[in-house]
Amino acid sequence: MASKVTGRQATLLRVLVLSGTFFLAAGERVKNKIYDEIQGDMACFKRFNGTHEIGCTSKFFGNTGVLHVIEEKADFDWVYEHGPHQPYVLAFTPLFLTEAVLERATDSGKVSGVVVVVPEDFDPETQLLDGFSGETECPDAYLGLYNASSNPDYAGYCRKKPWNPNGTSMLYTSWEFPIFLITNQTSVNNIQNCFEKFNKPVNGMPRDWPLCSLELKSNMYGTTNSEVCMRRASIGPLSTDNFCDPLYDYNIWGTLKPMNMSEEIPEKSVIIVAARMDAATMFDNISPGANSAVSGIITLMSAAAAIFKHKEEIINVSNKNILFILFQGETWGYIGSSRVVWDMEQGQFPYKVKDDVKDQIAQINLTHIDYFIELEQVGQPEDINKLYIHTDPISNANPELKNETDNLLNILDEASNLVNETKFVRVRKDVPLPPSSIQSFLKHVNISGVVITDHEGEFKNPYYESFLDNYRNVKYEADNETSDADLYHKHINNVASVLATAIYKLATNTHKKITADPELTNELLFCYMKNMTCNLVQEYGGEMAKHLEPKPAKLYVSVESGERYRSYVTMYLMAGLLGDEVERNQSDCKIESIYNMNHFYYFSHLHNGTCVQTTVRMTEAMSPAFLIDDYDWKSGEYSTWTESGWKLTKVMIFLRPSVLEEVAVVCGGVVSLVLSVIVVHFMNSRADLLFGLSTPPAAC
Amino acid sequence: MDGHVNIDRDEKTLSVEESGSRSGKKRRRSQNQDVSASQPPTQSSRPEGESARPDALDTESAYNNSQTRDPATQGVVRRHPRGGGGGGGGGDAGARGESEGRDGHVSASTRGNVQDARRMMQPQSEWEELEEEEEELKYGAQHVIKLFIPVSLCMLVVVATVSSVRFYTQKGIYLLYTPFHETSPSFGDRFFDAVRNSLILLGVVVVLTVLLIILYKKRCYKIIHGWLLMSSLLLLFFFTIMYMQELLRGYNIGMDWITVSICVWNFGVMRMVSIHWHGPLPLQQAYLIFIASLMSLMFIKYLPEYTLWMVLAVISLWDLVAVLCPKGPLRILVETAQERNEPIFPALIYSSNFMYSTLGMANPDDDSRSQGREMAQEGTSNSGSAASGAEGTQRPRDNPQRRRNAENGHVVADDAGFTDDWRGQLDKRTRQRREQVNNFAQQNPSNVDYPQAHPRDLTAEEDDERGVKLGLGDFIFYSVLVGKASSYGDWNTTLACFIAILIGLCLTLIMLAIFKKALPALPISITFGLIFYFSTSLLVVPFTEKLASQQVYI
Amino acid sequence: MTVAEFFGCGLIAFGPSLAMFGLTIATDPIRTIMLVASAFFWLLALLFSSILYTAVVQLQDYLAFGVVFSVLFQELFRFLWFLLIQKAEGGLKKVSDGNMQIVENKHILAYVSGLGFGMISGAFSLVNVLADMTGPGTIGMKGDPKNFFIASAVTSLAFILLHVFWGILFFNALHRRAYLQLAYVILCHMLASCITLMNPIYSVTIPTIWILTILSGVLAFIVAGGSHRTIQSAFRGRPQVLQVNADATGNFTQVGGM
Amino acid sequence: MNVERLPNERKLAICRKYFMAGFALLPFMWAVNAIWFLKEAFWATPYPEQKQIRKYVIVSGIGAIVWLVGLISWVIIFQQNRSNWGATADYLSFIIPKGIP
């Protein structure tokens with residue numbers, strides 16, 4: 001899981017924990033009669049940027065508090081006003097997970113922790129009417145294109161008309177107590193029962209000791225801000241514990257045709273089709289990002305697959321190339337995209353020039369970029385066949401760029417007509433772009449690009465960047481890879497088809513209706529939204545598939561030592577989709593060096609062993625801020641987000657005895673000791689009299 | 001590990017002990033009187049019982065003649081001629097004087113205690129032997145306790161650390177000598193790994209020993225001393241820092257370099273001084289215990305699971321072999337030491353008492369007993385553990401052996417025994433001694449009878465004159481076993497191992513006293529420990545846990 | 001934090017035995033060794049009984065079986081221990097330097113070994129429970145009785161004392177060939193252990209056990225030569241005796257503790 | 001090593017050596033010296049060297065105490081201001097506590 005000490009130590013820790021639990025399980029120690037483990041892997045953890053810290057931490061030895069389950073608002077008042085047994089640990093459904101509640105909890109000073117329980121029957125649709133999003137109202141505004149310094153005239157726009165009106169910037173607040181999310185039903189019931197049995201006030205009167213209590217352990221190592229904790233991490237040979245690590249993952253991308261160093265890439269010849277790979281929540285181990293990310297990812301993938309079927313045609317007729325790319329860490333200040341731009345500026349995208357590698361992949365610069373098409377959230381259109389196209393007012397002020405953009409728009413329009421399932425509607429020109437990767441590019445170069453979303457103004461997604469942004473949110477009903485029933489995958493597939501068609505036109509300048517493969521789309525959707533152990537992943541995932549759980553993909557960009565199976569799996573899938581099978585057996589299905597223009601992947605589970613030749617690869621997605629030496633952490637140029645290190649997070653439930661009882665017991669002990677000392681000393685000192693040694697024992 | 005040799009040490013200690021041997025008496029005298037005073041009422045308040053009465057009476061008389069040395073009793077008669085200059089004279093003289101006196105008293109009192117009935121009918125020589133035996137046993141009890149306490153303390157430190165500081169139970173990094181990390185799931189493979197690891201470790205030990213021997217043979221003291229000094233410094237500073245770090249980290253306490261370096265510097269230097277030069281005894285002991293526990297913590301941390309157990313087994317086997325087989329690897333080392341008659345690497349040895357070397361008690365009239373004793377004592381010291389009688393009866397130049405043994409016990413994973421060569425040497429030495437004594441007696445007849453006080457004082461004396469010594473090697477491996485046992489969080493197992501080891505130690509000492517034969521300290525204890533660890537954790541714990549959780553008592 | 005509970009229960013259970021150890025055992029090396037040795041014998045007994053318990057798989061659900069046999073084993077090993085001491089008496093005489101008490105007064109040895117048995121058995125029955133107490137929580141969440149800990153502590157205290165008394169009675173019985181007394185010890189032990197099978201009905205078990213304890217205590221006292229008369233004389237007591245033993249104690253500590 | 005048994009001049013020598021060594025940033029040695037020779041210095045039957053020993057004992061005792069006080073106060077100061085001193089404090093730190101600014 002994310003952010004352990006290092007990969008090795010992480011596994012080591014898991015082993016430890018396992019053995020620990022084993023020892024708990026082994027035999028019937030009284031421990032097991034006292035404590036119960038509660039699901040504790042979804043903890044709210046700390047992150048840092050150049051100036052601030054966000055998230056939550058417990059004390060070093062954990063926070064304990066008397067459990068109090070909140071059923072309605074009044075219960076809060078009871079706790080804050082009457083509750084005598086402070087500190088309390090509050091347990092409530094996401095219904096109450098609002099800033100106001102947490103702030104009040106903080107201010108009351110009576111709360112030492114919060115657990116958010118999600119019962120089976122919890123249905124956001126009906127209960128969480130006013131959506132819920134951890135994000136700010138203007139996600140990534142600071143590191144985006146329209147920040148006050150660069151473009152003051154558009155900076156204000158989001159303030160007026162926020163993209164994400166549901167945004168309670170809870171994710172970006174630093175809380176004084178640990179917060180855990182608990183979805184495991186047995187744990188939820190445990191909490192509920194224990195509360196009912198011991199703590200629940202009887203008509204307003206608090207119960208007496210012993211009371212059911214929780215211990216929340218999620219101690220974060222880092223503090224203050226990235227600068228401080230990065231420094232501390234770097235200090236000293238002795239300090240082995242990581243205070244924090246930069247957010248880190250890999251951008252996954254591939255081109256339609258391989259680019260060999262030897263042949264020159266013409267200017268404006270690379271069409272970039274981008275989507276963002278990551279989503280975020282307050283809590284560890286859960287970040288479904290169904291609409292925030294998955295919709296875009298899948299659309300891009302199936303579009304890519306569709307296009308790739310016509311690879312030959314395109315290559316033959318045009319010199320254009322198409323670059324499909326999934327950006328990592330976009331949630332945290334466009335890490336992936338800004339890194340790509342930075343690399344391009346440094347002339348090292350994808351890699352620095354190596355002299356002794358043949359068939360080396362060519363460098364791509366910003367000048368090579370022709371069009372830029374980005375897919376943001378495309379999953380929840382108001383009416384099923386209407387998507388919106390956003391363009392950047394600033395760059396399009398420039399006339400020829402404007403022409404290009406219009407051209408692009410027309411092509412998209414035609415494409416949508418051709419496919420005739422989904423309409424593409426252009427958003428008003430003067431509306432700035434919604435949060436999107438293209439902003440990182442536009443900060444440095446004027447390119448004509450569009451962002452395709454499902455919203456005109458504010459997000460249609462009520463749970464943007466929250467753990468509720470799952471398949472339920474986008475109404476993805478399929479229960480298995482092949483179920484044809486649900487509409488969602490059809491919709492995504494249509495978008496993909498339109499995209500593919502448009503790209504085909506862009507590349508070849510000829511119209512041709514290209515339809516994406518709905519089965520593929522559905523399978524992909526099923527994998528990412530419901531179950532990462534689906535067939536597709538089994539086939540393409542290779543080794544990585546083993547490590548994945550039958551859960552929705554965790555899309556949080558973690559740290560270098562963190563878990564990134566989903567990234568590898570995604571890359572393999574891309575490779576499968578954007579690659580041609582070649583006649584090679586496992587042994588020679590490999591590359592001489594990663595700098596080659598082509599990569600080879602061997603899928604042993606894909607009809608018993610397939611070797612695929614492709615351009616798909618990963619490149620590091622870590623903010624340039626950590627590469628530029630003496631980078632000024634305060635200058636909001638690049639993302640400076642780091643994640644705190646921690647050992648393990650766990651929740652325990654148990655009974656707390658009354659202090660009085662404890663005192664009594666201790667007194668009893670002392671009395672017993674003193675008494676016995678007196679008696680023994682007496683008997684010992686007068687043994688000879690007491691046991692009348694005048695009569696030898698054997699004689700009596 | 002630790003070892004900084006200073007050759008002139010023995011002379012120093014000798015003179016030290018010589019003059020030191022007085023004050024203790026003053027301390028003790030009072031108590032003795034108390035004892036003697038205390039005895040009569042308790043005793044006399046006891047009319048006839050099967051064995052009670054004669055004993056009682058006799059103990060009384062015994063006490064009397066030991067205090068007011070009534071010239072009628074054998075002890076005193078024998079004490080007279082042998083009373084070699086307790087007062088004046090050189091170190092040897094003084095020392096010898098004491099031991100003489102002690103012996104005299106011992107024989108007197110013990111005979112008084114026990115042998116009275118037999119004494120009448122037995123010829124002299126026999127009860128000499130009996131006395132001999134008694135004397136062997138006499139201080140056994142106290143010495144066993146004197147070992148119990150430090151051993152328990154050492155274990156306590158280790159167990160406390162292991163169960164409070166997580167670091168020492170976390171695996172991941174291992175010693176260089178244990179390349180096989182027991183990663184494979186199957187038990188068989190891991191076991192095999194363990195075996196290989198432990199064999200490698202044993203190999204290392206052997207190689208080191210050989211290297212040491214060669215160096216010593218070649219008389220490259222510089223290198224040896226450098227080596228030992230380095231290792232001791234490493235142990236001191238590096239491990240101490242590590243320990244501090246983990247302790248602080250375990251409780252998340254911030255600390256600055258300045259404080260730490262001052263503390264470590266002071267700690268380290270003080271240890272060097274107190275162990276290699278002069279320092280208060282309690283400090284020495286504390287340091288030795290601490291070092292031992294540090295070492296065992298290192299083992300616990302850096303040895304893989306099964307390897308550790310395997311190593312324990314192998315080491316104690318090795319100990320057995322090295323002690324009992326006629327060509328123990330360390331033997332050569334010792335022999336050369338003997339020939340050169342000089343101390344090699346001084347102590348890494350726990351001494352319950354000041355490191356004096358009082359002169360051997362020379363008893364002109366019979367070899368057998370002193371020889372027997374010598375063996376026994378050498379045996380003890382060889383085994384790197386308590387030399388129950390040794391203190392009192394060692395010649396100054398025996399010190400090095402005792403130390404070395406213990407020190408082997410440490411570095412070379414509990415030393416070899418060099419019993420046989422000892423046997424070889426014993427006669428020689430006893431002879432030497434006798435000669436010395438004799439001509440000493442001739443030289444200064446004035447010493448033949450010495451002031452009143454002495455006998456009594458001497459009786460008091462030997463209580464603290466005869467120090468007990470246990471090689472830190474034994475400390476370490478005992479603690480390793482117990483610490484490891486405790487690292488699984490089951491206290492029953494820990495307790496069982498603890499008791500088992502103590503009993504093992506006890507048995508070792510008893511056997512020493514009875515068989516008068518060199519015995520290693522590790523095998524019995526460790527075997528017991530291992531047996532009880534595994535049997536407890538496999539068989540007993542399920543049972544007891546069931547009992548405890550259902551509150552059933554047996 | 002219920003470290004409080006830990007110390008409380010710990011002291012309740014082991015306070016008396018600690019007092020006994022500190023005041024009567026630790027002062028004399030031989031007694032200490034004897035204590036450890038007897039503890040070791042109890043361990044052996046436990047080992048054998050649990051071997052039996054593990055071996056007989058089909059009966060593992062019935063603790064009673066295990067209990068009965070472990071009781072028998074304990075008494076057996078008590079007997080063996082007794083034999084050993086008898087054998088070693090000569091050695092003991094030699095070892096017990098100067099103070100012949102331990103050799104003459106058989107009760108001391110009996111008491112020491114009884115205490116050894118008691119302490120180790122008490123430790124084994126309670127030490128893990130104590131260790132588990134040190135967390136923040138207390139028992140009762142899963143329907144266990146709230147006074148589980150106290151009950152455990154009190155019961156193990158009773159058993160420690162019982163073992164001491166049994167030790168005295170048992171040895172004395174063997175000395176005097178008084179088989180009735182022997183039978184009493186074994187039956188008493190059996191009864192006490194079997195009663196605890198009724199836990200957690202403390203209202204029954206604890207009083208019974210304590211009655212047994214007191215009974216055995218009185219018997220042991222009498223057997224050891226005590227009576228109300230001696231008690232009276234003890235209270236009238238001669239001071240210097242006390243002083244004597246104090247000195248003796250001091251002396252031993254000097255010798256025993258280094 | 002038992003002081004009482006040493007000849008007086010040796011006592012003095014050792015005591016002095018300890019005292020001198022103490023100046024090498026070794027307050028602990030001073031402390032040991034003070035405690036170790038305390039009895040000698042004050043309660044032992046008088047002998048010529050005793051005066052000097054007493055002097056050494058007193059001085060080293062004082063020295064040790066001063067050191068102790070100094071060290072403790074330094075630690076307190078450091079703990080108080082660690083977060084304020086920023087980088088310097090971090091570089092001074094042997095252990096930086098986790099999760100504490």
Side-chain angles (χ1 to χ4, degrees), chain B residues 31 34-35 37-39 41-42 46 49 51-52 55-56 59 63 109-110 113-114 133-134 137-142 144-146 148-150 285 352-353 463 468 489-492 495-496 499-500 502-503 506 510 514 532 535-536 538-540 542-548 550-554, chain C residues 29-30 32-33 36-37 39-40 43 46-47 49-51 53-54 63 66-67 70-71 74 91 93-101 103-104 120-121 123-131 148 151-152 155-156 159 192-193 196-197 199-200 240-241 244-245 247-248 250-251 254-258:
Chain B
Q31 278 151 6
D34 295 342
V35 175
S38 73
Q39 233 63 16
T42 27
R46 172 193 306 136
S51 73
D55 282 8
T59 16
Y63 270 94
S109 61
T110 41
N113 285 347
V114 197
E133 189 175 61
E134 288 140 25
L137 289 171
K138 186 170 172 189
Y139 293 95
Q142 292 163 18
V144 173
I145 296 306
K146 284 183 174 183
F148 274 14
I149 292 161
Q285 295 172 333
S352 77
N353 235 327
D463 281 349
V468 191
D490 178 72
W491 291 97
N492 285 352
L495 210 58
I499 301 267
L502 285 192
I503 289 297
C506 221
I510 292 171
I514 292 171
F532 268 81
S535 57
T536 313
L538 294 178
L539 302 169
V540 177
F543 185 46
T544 47
E545 274 183 350
K546 217 173 170 65
L547 292 174
Q550 300 187 13
Q551 289 188 296
V552 177
Y553 292 77
I554 54 172
Chain C
I30 297 160
T32 318
I33 295 169
V36 178
F40 183 71
L43 272 185
L46 179 66
L47 179 56
S49 38
S50 39
I51 287 172
Y53 178 75
T54 350
L63 255 181
V67 170
S70 66
V71 168
Q74 284 177 65
K93 282 212 181 75
K94 293 169 200 155
V95 181
S96 66
D97 119 66
N99 90 42
M100 300 306 290
Q101 250 184 326
V103 191
E104 283 118 29
I120 191 72
S121 71
F124 260 67
S125 54
L126 201 64
V127 77
N128 273 333
V129 181
L130 280 176
F148 180 95
S152 308
T155 323
S156 23
F159 267 82
S193 292
T196 55
L197 283 167
N199 275 337
Q240 78 271 29
V241 177
V244 162
N245 279 311
D247 284 348
N251 195 2
Q254 283 281 354
V255 176
M258 2 164 294

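Chain A is the first sequence line, chain B the second, and so forth, proteins listed ahead of strands; every chain is numbered from 1.
Within the model, atoms CD of B/Q551 and CG of C/L197 stand 12.0 Å from one another, a figure rounded to the nearest 0.5 Å.
Of the listed residues (B/L502, B/L547, B/V540, B/I503), the greatest number of heavy-atom pairs within a distance under 4.5 Å of chain C belongs to B/I503. Note on B/I499, B/D490, B/I554: by heavy-atom pairs under 4.5 Å with chain C, the leading option is B/I554. The greatest number of non-hydrogen atom pairs below 4.5 Å with chain B, out of C/V71, C/T32, C/I51, C/T155, is found for C/T155.
At a threshold of 4.5 Å between non-hydrogen side-chain atoms, the residues C/I33 and B/C506 count as touching. A 4.5 Å side-chain heavy-atom check between B/Y553 and C/S121 finds every atom pair outside the cut-off.
For C/T54, the part lying under 4.5 angstrom from a heavy atom of chain B is the side chain only. Using a 4.5 Å cut-off between heavy atoms, C/S70 contacts chain B through its side chain alone, with no backbone atom that close. Interface residue C/A151: backbone and side-chain heavy atoms are both found under 4.5 Å from chain B. Only the side chain of C/F159 comes within contact range of chain B, judged by heavy atoms closer than 4.5 Å. Of the atoms belonging to C/L63, it is side-chain heavy atoms, and not backbone ones, that fall under 4.5 Å from chain B. Of the two parts of C/V67, the backbone and the side chain both hold a non-hydrogen atom closer than 4.5 Å to a non-hydrogen atom of chain B.
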What do the steps show when you test B/L495 against C/I120 for side chain to side chain contact (heavy atoms under 4.5 Å, CB included), and what is the final call? CA-CA 9 Å; B/L495 210 58; C/I120 191 72; 4.1 Å; yes
Check step by step if side chain to side chain contact (heavy atoms under 4.5 Å, CB included) holds for B/W491 and C/L130. CA-CA 10 Å; B/W491 291 97; C/L130 280 176; over 6 Å; no
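Evaluation of the side-chain contact (heavy atoms from CB on, under 4.5 Å) rule for B/L538 yields no partner, not counting sequence neighbours. Remark: B/F532 pairs with C/F40 by the ring pair (Phe, Tyr, Trp, His ring centres under 6.0 Å) rule, at least two apart or across chains.
The minimum heavy-atom distance linking C/F148 with B/A548 is given by the pair CZ-O, 3.9 Å. The two residues C/N128 and B/G489 come nearest to each other via the heavy atoms OD1-O, 4.4 Å.
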